[in-house]
Number of protein chains: 2
Amino acid sequence: MEKVTIATVARRAGVSRQTVSNVINTPDVVREETRERVREAITALGYRVNQAARQMRTGRSRLIAVRIEPARDGINGSVLDRFLHGLTDAAGLAGYRVMLYTADGDDAEIATYDELLSAYDLDAFVLTSTHHGDPRTSWLAARDVPFVTFGRPWGAPDTHSWVDIDNAAGTAAATEHLLAAGHRRIGFLGWPAGSGVGDARREGWHRVLGPWGPSAATVDGVEPGAAAASSLLRSDDPPTALVCASDSLALGALQAARETGRDCAVVGFDDTAVAGAIGLTSVSQPLAEAAARCMGLLGELLDGRAPSFPTTVLLPPSLVVRQTA
Amino acid sequence: MEKVTIATVARRAGVSRQTVSNVINTPDVVREETRERVREAITALGYRVNQAARQMRTGRSRLIAVRIEPARDGINGSVLDRFLHGLTDAAGLAGYRVMLYTADGDDAEIATYDELLSAYDLDAFVLTSTHHGDPRTSWLAARDVPFVTFGRPWGAPDTHSWVDIDNAAGTAAATEHLLAAGHRRIGFLGWPAGSGVGDARREGWHRVLGPWGPSAATVDGVEPGAAAASSLLRSDDPPTALVCASDSLALGALQAARETGRDCAVVGFDDTAVAGAIGLTSVSQPLAEAAARCMGLLGELLDGRAPSFPTTVLLPPSLVVRQTA
DNA sequence: TATCAGAATTTGATCGTTCAAGACCTAGAG
DNA sequence: CTCTAGGTCTTGAACGATCAAATTCTGATA
């Protein structure tokens, strides 16, 4: 198998290299008849554009980078993985490829940006796990690198485009579902205040239920969740249902309910594998759609057809009702 | 920020382009004093090799491709994700980057190989989920594309290097653990015969226990597992412990035990998030190490320092003991 | 001091594509 | 019949690195 270059195609179609290039990149400037002839040659020879050569000339690699993080919490880690699946699909459809990298902390990540940009000419980045005072966005913005975040810029103005899940709407829907099922004392089991995501999830529950409601806050995990739920359930006027900020906490709540012998409906968040396996009702994030929207926004940025102001997308999650509520 | 090329560095260090190139790629041919001077210039200017340009000349991209699959089974899907994390780390250490792709079925995957190879000059592939009559390996081998599989070539001779987990050793360890705990009637809950992985897991249990043992086979999943375990537990001489081919099946077995009121120890396989969350004893695959070994083998292949015969690596899994056994 | 081998460095060509500019052709206007 | 505009196509240069070959330097030997 000889190497097929643009010159091979040109020779076979009886035109110049540039004309072949035009057929590929700007077909409308080529006469129809010629265009067809070249296209035939391309398929006949199985020609494919060499990305490296194209990249050298144009400075664009058609590559986007995403960080893959070591699954910290085994339960919740899968959320980002599912997002990654969706992004790979969406990128492929748009003619881009996804490159992975890992980084320990924001500073290391920024160093990696630098390397990826200068060595691989990466076209864009998708950032996940945004947080308060995130230094990554400003670094990228200062260098005019196209990027989109999955997760809003907590505590910062909307200076770039982002896609996020409406966490509050998720817990609100869960709370409403419990109300409709007849529950009146609906509690919330969440994380300590300060994390954007956690606060939003609490806020959704609070919005539906009004001023009152038993709640507890603890670090994420099954054990802490069980402990916190247990003390809620042993109180004078215990909740009959608990909305939880994660499936891990929800799992803990279920354990606590069993141990204390109290009947308690439980709703988790993220609809992880664990939820499906044990029949836990949970709020499900539309991760594939979030990924597709991220890619859509990136596409606009990269094609220069993006509006001058940032676009923000807030997607509603859905409640997956199973046995526990 | 001006673009820093090899010429910029050369000018600053007062040498030619080629000498800079030599410092980077074959430092031993450059005199020590010159080498130092060039190195200083490189760091002072923050120079980084442009991969596209290098690739055009050398035909090597320092990119390896891995397929990311839509998590079919929510529980077991995470196994490959963890492998992917490990591979990204290992590749980064070796100076390679991981590129993702998706494909629906073997044929689509082979078409993708073709595209990735001609368009991106991919250096190598890591294949996962090998199976009987896998057409992918022969396609790649026929074109001399370097690759390694995570999973042995089921039913085919060892014509390429691979890394795999010793599944049989895993279930054997689980069975021995149960024996040591005093169990005598130890059953096996697995998949229908024919899948290499499933057969191996069954074989490990069988090897330890000898000819006898109650067992059942069913498709993977919590429900099927519960049904199959239930009928085992209701038999005349029910098992007091069950070794399962997956955490999903194990979860079903636990449900069945609770429902039938029988006391039954359960061991799962894969040590997924679910296992950790509910305290299921499970066999854990050393995925990070498997990934590192895969990268190691690929490195050998790519540097031309691989032995002429294929290397095969079989890694022992470990038993993570929790409450259920 | 002249010679030579080997080490150290430089020069020119090249990878496959796209950009920028120029050449050619056709048709309609003057 | 000439000129021009617009459409179509071609040519040479460039992107940033490495390869292969040529050149210069160094130090030891005769």
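The figures here come from the full heavy-atom set of this structure, side chains too, leaving out hydrogens, waters and symmetry mates. Chain letters run A, B, ... following the sequence lines, proteins first and then strands; every chain starts at 1.
At the phosphate of dT11(D), neither OP1 nor OP2 sits under 4.0 Å from any side-chain N or O atom of Ser16(A). Dashed line: the shortest gap from a side-chain N or O of Thr34(A) to OP1 or OP2 of dC9(D) is under 4.0 Å. Proximity of Arg31(A) to the phosphate of dC9(D): a side-chain N or O atom is located under 4.0 Å from OP1 or OP2.
Here the P atom of nucleotide dC15(C) and the NZ atom of Lys3(A) are 9 Å apart, to the nearest Å. Here the C1' atom of nucleotide dC15(C) and the CD atom of Gln51(B) are 15 Å apart, to the nearest Å. Going from atom CD of Glu33(B) over to atom P of dA7(C) covers 18 Å, rounded to whole Å. One can place CZ of Arg37(B) at 11 Å from C1' of dT9(C), the figure rounded to the nearest angstrom. The nearest whole Å value for the distance from the CZ atom in Arg11(A) to the P atom in dG16(C) is 11 Å. Separating the CG atom of Asp121(A) from the P atom of dT17(C) is a distance of 17 Å, rounded to the nearest angstrom. The CZ-C1' distance, from Arg62(A) to dT17(C), rounds to 15 Å in whole Å. Counting to the nearest Å, the P atom of dC9(D) and the CG atom of Asp28(A) are 12 Å from each other.
Here Pro316(B) pairs with nothing under the side-chain contact (heavy atoms from CB on, under 4.5 Å) rule; sequence neighbours left out.
The closest donor-acceptor contact from the side chain of Arg48(A) to the backbone of Ala119(B) lies at 3.5 Å or more, if one exists at all. Between the side chain of Ser61(A) and the backbone N or O of Asp121(A), at least one donor-acceptor pair lies under 3.5 Å. Between the side chain of Thr58(A) and the backbone N or O of Arg54(A) there is at least one donor-acceptor pair closer than 3.5 Å.
Here the CG-CZ distance, from Leu84(A) to Arg67(A), works out to 12.5 Å after rounding to the nearest 0.5 Å.
When every heavy atom of Arg37(B) is checked against every heavy atom of Gly14(B), the shortest pair comes out as NH1-O, 4.2 Å.
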Could you run down the sub-3.5 Å N/O contacts of the protein with nucleotides 26-28 of chain C?
none

Between protein and nucleotides 18-22 of chain D, what N or O pairs are separated by less than 3.5 Å?
| unit_1 | atom_1 | unit_2 | atom_2 | d |
| --- | --- | --- | --- | --- |
| dT18(D) | OP1 | Asn25(B) | ND2 | 2.7 |
| dT18(D) | OP1 | Arg54(B) | NE | 3.3 |
| dT18(D) | OP1 | Arg54(B) | NH2 | 3.3 |
| dT18(D) | OP2 | Ser21(B) | OG | 2.5 |
| dT18(D) | O2 | Arg57(B) | NH1 | 2.7 |
| dT18(D) | O4 | Arg17(B) | NH2 | 3.2 |
| dC19(D) | O4' | Arg57(B) | NH1 | 3.4 |
| dC19(D) | N4 | Gln18(B) | OE1 | 2.5 |

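Nucleic acid contact class of Thr19(A) (heavy atoms, under 4.0 Å, all strands): base. Nucleic acid contact for Arg60(A): none, since no nucleic acid atom lies under 4.0 Å from a heavy atom of the residue.
In the displayed structure, Arg152(A) atom CZ is contacted under 6.0 Å by more than 12 heavy atoms of other residues, nucleotides or ligands.
For Arg62(B) and Tyr96(B), the positive end sits near the middle of the six-membered ring, less than 6.0 Å away and at most 45° from its axis.
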inquiry  = Go through it in stages, so that I can follow the logic: the residues are Tyr101(A) and Glu109(A), the test is side-chain hydrogen bond (donor to acceptor under 3.5 Å, both in side chains), and I'd like the CA-CA distance, side-chain angles, deciding distance and then a yes or no.
reply    = CA-CA 9 Å; Tyr101(A) 65 93; Glu109(A) 183 159 0; 2.8 Å; yes

